[in-house]
Protein chains: 2
Amino acid sequence: MDRIDRRLLNLMQRDASRTNVDLADEVGLSPSSCLRRTQRLRKSGVIDRIVAILNPAKAGRVIKALVAVELKLHGEQHMRRFLDIAIAEEAVSHAYAVTGETDVVLMLRLRDMEEFDSLCERLFRDQTNVARFFTMMIIRTAKEETAIRL
Amino acid sequence: MDRIDRRLLNLMQRDASRTNVDLADEVGLSPSSCLRRTQRLRKSGVIDRIVAILNPAKAGRVIKALVAVELKLHGEQHMRRFLDIAIAEEAVSHAYAVTGETDVVLMLRLRDMEEFDSLCERLFRDQTNVARFFTMMIIRTAKEETAIRL
DNA sequence: GGGTATTTGCAATAAAATTGCACGGAACTG
DNA sequence: CAGTTCCGTGCAATTTTATTGCAAATACCC
């Protein structure tokens with residue numbers, strides 16, 4: 001993992017649709033050598049995957065929200081059970097167990113408020129071990145970065 | 001935007017490194033026709049970009065945290081000023097203005113606690129208009145999904 | 001310095017992307 | 001309903017890219 005690898009990773013985190021020839025030219029390597037590096041980075045797992053990122057608005061998920069959840073029972077198995085229920089929901093894009101005043105934070109991508117309503121019924125009823133939850137509707141997205149600067 | 005477009009988007013959100021020939025085969029189209037669809041989806045902005053997703057642990061960002069921030073002054077210009085400072089930080093991967101008891105939520109990707117310490121000094125000192133902030137260290141990542149199911 | 005392992009560039013080959021073109025179905029019009 | 005247009009499709013030819021073998025160059029270790 002040298003300087004050229006890091007440059008390649010930075011470039012591919014920004015735009016992975018560029019051709020190998022193009023990347024090789026930018027970092028000053030031959031296409032074959034550049035290709036071997038990117039293949040090595042993928043096999044070693046540094047590059048986890050290559051994906052298309054959609055425009056959420058054009059894909060029909062216009063409402064985003066964060067929900068901080070406080071559980072009633074705090075054992076490991078109770079935590080896991082709630083997380084399993086939460087991550088099965090399509091509207092739940094991120095789910096974290098966290099320290100602090102609450103136990104779990106979820107990020108939601110919603111089509112409309114009706115979807116939020118029905119989701120709350122499924123996730124935050126008595127059987128799901130939720131004591132309280134705090135909803136933060138996202139007013140503005142100032143940054144959403146998948147890249148890790150190297 | 002028909003059924004085939006949605007299938008292509010689902011496939012590409014999961015793995016955008018597949019060849020056009022491969023995708024065409026899976027959705028039952030000729031390569032040329034399939035290519036024209038994916039090109040149209042990119043030009044129209046439904047596909048925002050194609051990126052490499054790194055394994056954060058193997059890229060040296062092992063600690064994640066969420067920080068809920070309460071501002072002292074709540075005007076639009078004060079909000080914007082704080083967000084501008086926050087998003088300039090490499091460790092800040094997500095930044096949202098939210099409703100609820102706090103005003104801003106940040107997601108952090110950190111190399112170590114020292115980076116957290118120095119970041120707090122820069123973001124949460126007097127000049128940045130922060131009244132209080134609540135740190136939630138992420139203990140477990142149960143789900144982190146970039147895809148939007150169509 | 002000698003020896004080993006790794007990385008590089010070149011060239012040949014295989015595979016994929018891209019484009020022109022004609023066909024066929026859907027929608028629209030008179 | 002016939003005529004017309006528009007759009008998407010598949011085929012085939014062309015261009016571009018990815019892939020691989022190989023020899024030279026480089027870095028590394030003792």
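Numbers restart at 1 for each chain; the letters A, B, ... are given by sequence-line order, proteins then strands.
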Would you check if the side chain of B:Asp103 reaches a backbone N or O of B:Leu71 as a donor-acceptor pair within less than 3.5 Å? yes

State whether the side chain of B:Ser17 and the backbone N or O of A:Ile50 hold a donor-acceptor pair below 3.5 Å, judged by distance alone. no

Are B:Met12 and B:Leu150 connected in a single hydrophobic cluster, I mean Ile/Leu/Val/Met/Phe/Trp/Tyr linked by side-chain heavy atoms less than 4.5 Å apart? yes

Closer than 4.0 angstrom, basic N to acidic O: yes or no for B:Glu26 and B:Arg7? no

Identify each donor-acceptor pair in which a side-chain atom of residues 62-70 of chain B lies under 3.5 Å from a protein atom, sequence neighbours left out, and give them as a table.
{"from": "B:Lys64", "atom 1": "NZ", "to": "B:Thr141", "atom 2": "OG1", "distance (Å)": "2.9"}
{"from": "B:Lys64", "atom 1": "NZ", "to": "B:Glu144", "atom 2": "OE1", "distance (Å)": "3.4"}
{"from": "B:Lys64", "atom 1": "NZ", "to": "B:Glu144", "atom 2": "OE2", "distance (Å)": "2.9"}
{"from": "B:Glu70", "atom 1": "OE1", "to": "B:Arg132", "atom 2": "NE", "distance (Å)": "3.3"}
{"from": "B:Glu70", "atom 1": "OE1", "to": "B:Arg132", "atom 2": "NH2", "distance (Å)": "2.8"}

With sequence neighbours left out, write down each residue that passes side chain to side chain donor-acceptor pair (under 3.5 Å) with B:Arg81, or none if nothing qualifies. none

Shared hydrophobic cluster, A:Val105 / A:Met136 (ILVMFWY, side-chain heavy atoms < 4.5 Å): yes

Need two values: the first and the last nucleotide of DNA chain D, 5' to 3', having an atom under 4.0 Å from any heavy-atom of chain A. D:dT17 to D:dC22

Which residues share a side chain to side chain contact (heavy atoms under 4.5 Å, CB included) with B:Arg49, sequence neighbours left out: A:Ile53, A:Thr146, B:Val51

Excluding B:Leu35, membership of its hydrophobic cluster (Ile, Leu, Val, Met, Phe, Trp, Tyr; side-chain heavy atoms within less than 4.5 Å) reads none

For the pair B:Arg61 and B:Glu115, find out whether any cationic side-chain nitrogen is under 4.0 Å from an anionic carboxylate oxygen. yes

Can A:Glu76 and B:Arg140 be counted as an ion pair, charged N to O under 4.0 angstrom? yes

Is there a donor-acceptor contact under 3.5 Å from the side chain of B:Arg122 to the main chain of B:Ala86? no

Whether A:Arg125 and A:Glu121 form a salt bridge (side-chain N of Lys/Arg under 4.0 Å from carboxylate O of Asp/Glu) is what I want to check. no

Determine, for B:Arg40 against B:Asp5, whether the closest basic-nitrogen to carboxylate-oxygen distance falls under 4.0 angstrom. yes

hbond_proxy A:Ser32 side chain to C:dG9 base (donor-acceptor, 3.5 Å cutoff): yes

Co-membership, hydrophobic cluster, residues A:Ile87 and A:Val130, 4.5 Å side-chain: no

Indicate yes or no for a side-chain donor-acceptor contact from A:Asn55 to the backbone of B:Asp48 under 3.5 Å, with no hydrogens or angles considered. no

Does any N or O in the side chain of B:Lys143 come within less than 3.5 Å of the main-chain N or O of A:Glu89, such that one atom is a donor and the other an acceptor? yes

State which residues pass ring-ring contact (aromatic ring centres under 6.0 Å, His included) with B:Phe134; sequence neighbours excluded, sorted by chain then number. none

Are any of A:Arg37's side-chain N or O atoms less than 4.0 Å away from OP1 or OP2 of C:dT8? yes

Is A:Ser93 reaching over with its side chain to a backbone N or O of A:Arg109, donor-acceptor style, under 3.5 angstrom? no

For DNA chain C, determine which residues of residues 4-11 of chain B have any heavy atom closer than 4.0 angstrom to one of its atoms, and list them numerically. none

Axial bend angle, the helix from C:dG1-D:dC30 to C:dG30-D:dC1: five-pair end segments, nearest 10°: 50°

Full working for salt bridge (charged side-chain N to carboxylate O under 4.0 Å, His left out) between B:Asp2 and B:Arg37: CA-CA 11 Å; B:Asp2 60 6; B:Arg37 280 177 181 265; 2.9 Å; yes

Using a cut-off of under 3.5 Å, enumerate the N/O to N/O pairs linking the protein to nucleotides 12-14 of chain C.
none

Heteroatom pairs (N/O) under 3.5 angstrom, protein to nucleotides 15-17 of chain C:
{"from": "C:dA17", "atom 1": "OP1", "to": "B:Asn20", "atom 2": "N", "distance (Å)": "2.8"}
{"from": "C:dA17", "atom 1": "OP2", "to": "B:Asn20", "atom 2": "N", "distance (Å)": "3.2"}
{"from": "C:dA17", "atom 1": "OP2", "to": "B:Val21", "atom 2": "N", "distance (Å)": "3.1"}

Within residues 41-53 of chain A, which residues have any heavy atom lying less than 4.0 Å from an atom of DNA chain C? none

Just how far, in rounded Å, is C1' of C:dT6 from CZ of A:Arg40? 10 Å

Kindly give the atom pairs (protein nitrogen or oxygen, nucleotide nitrogen or oxygen) under 3.5 Å for nucleotides 25-28 of chain C.
none

